[in-house]
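Down below is the structure, laid out as structure tokens.
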Amino acid sequence: AELGYVAFAADIYGFGTPVENMADWGAAAGAHRGNPDLYMAKINAALEQLETYNYVNTSQIAVVGYCFGGTGVVNMAILGFNVSGVVGYHSGIQPGSRVVRSSSSDVPVVAKVLLHSGVDDDARTDIGLLVREFEAANAKYEIARYGKDVFHSFTEWNANFPGQAIYDHRADYRSWESTKLFLQELFTGLPAAERGPENPMLHTALQNYTCSTTTCQGYLAYNTSHCTDSSPCPAVVIIQDWTGMDEYEKERARMLAELGYVAFAADIYGFGTPVENMADWGAAAGAHRGNPDLYMAKINAALEQLETYNYVNTSQIAVVGYCFGGTGVVNMAILGFNVSGVVGYHSGIQPGSRVVRSSSSDVPVVAKVLLHSGVDDDARTDIGLLVREFEAANAKYEIARYGKDVFHSFTEWNANFPGQAIYDHRADYRSWESTKLFLQELFTGLPAAERGPENPMLHTALQNYTCSTTTCQGYLAYNTSHCTDSSPCPAVVIIQDWTGMDEYEKERARMLAELGYVA
């Protein structure tokens, strides 16, 4: 409710159901997971209760589920529930726990879907099966995978069962910020993607520098009034896509400079390398992909050039790569480059294109890693192999997968090769917002996770309602001055975890109510 929504924490088990211990939780959750009709009837009852409130905009309802509740929202999506969107956290997605879409089904997924998954919680095979079902049902979805050592219950502040269910501050923070952005999209629409036109407030210049045995020409962008010798700024190197360092990378550099960073778009191929057509691009990219030592030497040269500028804080450098450049940042991570973090967009991650970590390697991944991947670009088997390498190297990483019909080059505004490489507004917007948050984390630290203490500005109350053949007791939270009969608010239903609707769900409801929703 702190987000300005009407929030309603649903009670799925029913008032008076025993929820004192693990045996109780298992019995109650099992009775619903094993009977999807009953489970969906209980969720429907909560939706119907919410729709009785005049201060709720009934055309704008989303559902958020945790653990057992995450199973519920996945079921809702697969069964075609007509809500604006669903969000699942550490959801039970294994086929024995959820509804599995029949190969003969013609039911489309209506709700947009956002799932947050711990790599040490959901098996990659189960993720792969769910992705295939979403693809077959024409779902618009995103699945974010958090690692390393992100287990079940990673958002539950008191979870502390090492190796099984344990709170993870970083995964909680990033997943909550992602969810807030998702709810804004559902209820107010998708904002225009950011661009970086020429800006007289920025200093921009081409910069020649030595790279390996040739001359490279990069592009520098920064705010001279903000980044000075006496007040140096964090810096971000951009590694080009396969067409070479051109107007696309320059614009991305200006976008980063406007965020307060020194941005340097590196030239990997070298000044004068032909980049006129696909044959040129393939030859130049192949010469570097096939020679990782050369490729890494060129990246190192860009880093060394950046470090010559007194207005750069050389202890705070991140690297962002697109396409061919995404391959480069994956290589950097696997080879243990000592930078703050790397971000890859539609990276070429297939083993034939990148460095593959040897099973005998003891090189740790030092940089934090964020990868943005189109489901119709990177094969799930290649993602699975990379995840295994990151896990073995103790990497701190996140991989966001965007679907459906998110292909290569989804951030490149002019890409227009249907079925191969095409711009996707939504994936571009969400991935850029995620990257901005990631850079803030790298350079200013991870903020405290949000909480939702009691707030006298909110109306909160327990609400009894009929659910199936019993009585359920939900928890309502909203701001009465914001959500009224004459100005109804979007609403978010929270589906409980397996311990029942308790203080955790109530606090999450207050957090949503403060965002402007009825929760």
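- Nearest heavy-atom pair, E507 versus R451, reported as atom, atom and distance to 0.1 Å: OE2-NE, 2.7 Å.
- Side chain of E505 to backbone of D497: a donor-acceptor contact under 3.5 angstrom is found.
- In terms of heavy-atom proximity, A171 sits nearest to V150 at CB-CG1, 4.0 Å.
- Here the side chain of R145 pairs a donor or acceptor atom with the backbone of D122 at under 3.5 angstrom.
- Using a cutoff of 4.0 Å between basic side-chain nitrogens and carboxylate oxygens, K396 and E441 are not scored as salt-bridged.
- Considering only residues two or more places apart in sequence or on other chains, E194 meets the salt bridge (charged side-chain N to carboxylate O under 4.0 Å, His left out) condition with K436.
- Evaluated for a ring-ring contact (aromatic ring centres under 6.0 Å, His included) with Y402, the options F134, Y429, F410 yield exactly one hit, F410.
- Annotation: the span from L371 atom CG to I383 atom CD1 amounts to 7.0 Å, rounded to 0.5 Å.
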>> Evaluate Y55 against T480 for side-chain contact (heavy atoms from CB on, under 4.5 Å), listing each step before the verdict.
In response: CA-CA 9 Å; Y55 43 83; T480 55; over 6 Å; no
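- At a threshold of 4.5 Å between non-hydrogen side-chain atoms, the residues L38 and S468 count as touching.
- Here the shortest heavy-atom pairing between A137 and V107 reads CB-O, 3.9 Å.
- Within 6.0 Å of CG on N158 lie no more than 12 heavy atoms contributed by other residues, nucleotides or ligands.
- For A461, the side chain to side chain contact (heavy atoms under 4.5 Å, CB included) criterion is met by H459, Q463, not counting sequence neighbours.
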>> One pair to check against side-chain contact (heavy atoms from CB on, under 4.5 Å): N455 and R510. What are the steps and the verdict?
In response: CA-CA 8 Å; N455 181 343; R510 292 192 294 270; 5.6 Å; no
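- R132 is linked by a salt bridge (charged side-chain N to carboxylate O under 4.0 Å, His left out) to nothing, counting only residues two or more places apart in sequence or in another chain.
- A123 is linked by a side chain to side chain contact (heavy atoms under 4.5 Å, CB included) to T125, D126, counting only residues two or more places apart in sequence or in another chain.
- Side-chain atoms of S487 never come within 3.5 Å of backbone atoms of T484 as a donor-acceptor pair (strictly under, hydrogens ignored).
- Under the 30°/60° scheme for interplanar angles, the aromatic rings of Y423 and H425 are found to lie parallel.
- E142 pairs by the salt bridge (charged side-chain N to carboxylate O under 4.0 Å, His left out) definition with R430, not counting sequence neighbours.
- Looking only at distances, a side-chain donor or acceptor of S102 sits under 3.5 Å from a matching main-chain atom of S104.
- In this structure, R508 is positioned above the aromatic face of W176, its NZ or CZ under 6.0 Å from the six-membered ring centre and within 45° of the axis.
- Within the structure, disulfide bond (SG atoms under 2.5 Å apart) pairs that include any residue of residues 479-519 comprise C483-C489 (at least two apart or interchain).
- Between the side chain of R101 and the backbone N or O of I78 there is no donor-acceptor pair closer than 3.5 Å.
- Proximity of D37 to Y39: side-chain heavy atoms (C-beta onward) are nowhere separated by under 4.5 Å.
- Residue W498 is tested with W25, Y13, Y504 for a ring-ring contact (aromatic ring centres under 6.0 Å, His included); the sole match is W25.
- Remark: the T155 side chain and the H116 side chain contain no N/O donor-acceptor pair separated by less than 3.5 Å.
- For the pair N44 and M76, the minimum side-chain heavy-atom distance is 4.5 Å or more.
- Of all heavy-atom pairs spanning V343 and V329, the tightest one is O-CG2, 3.6 Å.
- Scanning for salt bridge (charged side-chain N to carboxylate O under 4.0 Å, His left out) contacts around E412 gives an empty result, with sequence neighbours left out.
- In this structure, C323 has no disulfide bond (SG atoms under 2.5 Å apart) partners at least two apart in sequence or on a different chain.
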>> Assess the residue pair T470 and T17 against the criterion (side-chain contact (heavy atoms from CB on, under 4.5 Å)); give the C-alpha distance rounded to whole Å, side-chain angles, the decisive distance to 0.1 Å, and a yes or no.
In response: CA-CA 10 Å; T470 189; T17 300; over 6 Å; no
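- The distance from the CD atom of E433 to the CD atom of Q184 is 9.0 Å, given to the nearest 0.5 Å.
- Side-chain atoms of R98 come within 3.5 Å of backbone N or O of I93 as a donor-acceptor pair.
- No side-chain donor from either of T52 and Y465 sits under 3.5 Å from a side-chain acceptor of the other.
- For the atom pair T179 OG1 and Y89 OH, the distance stands at 2.5 Å (nearest 0.5 Å).
- Separation of atoms CD1 (I399) and CD1 (I143) is listed at 12.0 Å; rounding is to 0.5 Å.
- Across every non-hydrogen atom of T466 and A45, the tightest pair is O-CB, 3.5 Å.
- Considering only residues two or more places apart in sequence or on other chains, S409 meets the side-chain hydrogen bond (donor to acceptor under 3.5 Å, both in side chains) condition with none of them.
- Taking OH from Y475 and OG1 from T460, the interatomic distance works out to 3.5 Å, rounded to the nearest 0.5 Å.
- Applying the side chain to side chain contact (heavy atoms under 4.5 Å, CB included) rule to E135 yields the partners V131, Y141, V375, D376, K404; only residues at least two apart in sequence or on another chain are considered.
- Checked by atom type and distance alone, the side chain of T71 pairs as donor or acceptor with a backbone atom of G92 at under 3.5 Å.
- Every residue two or more places apart in sequence or in another chain that forms a side-chain hydrogen bond (donor to acceptor under 3.5 Å, both in side chains) with D121 is listed here: H152.
- When only modelled atom types and interatomic distance are considered, T499 and Y66 share no side-chain donor-acceptor pair under 3.5 Å.
- Residues D428 and W413 approach most closely at OD2-NE1, 3.4 Å, considering heavy atoms.
- Listed by chain and residue number, P234, N313, F443 satisfy the side chain to side chain contact (heavy atoms under 4.5 Å, CB included) test with Q316 (two or more places apart in sequence, or in another chain).
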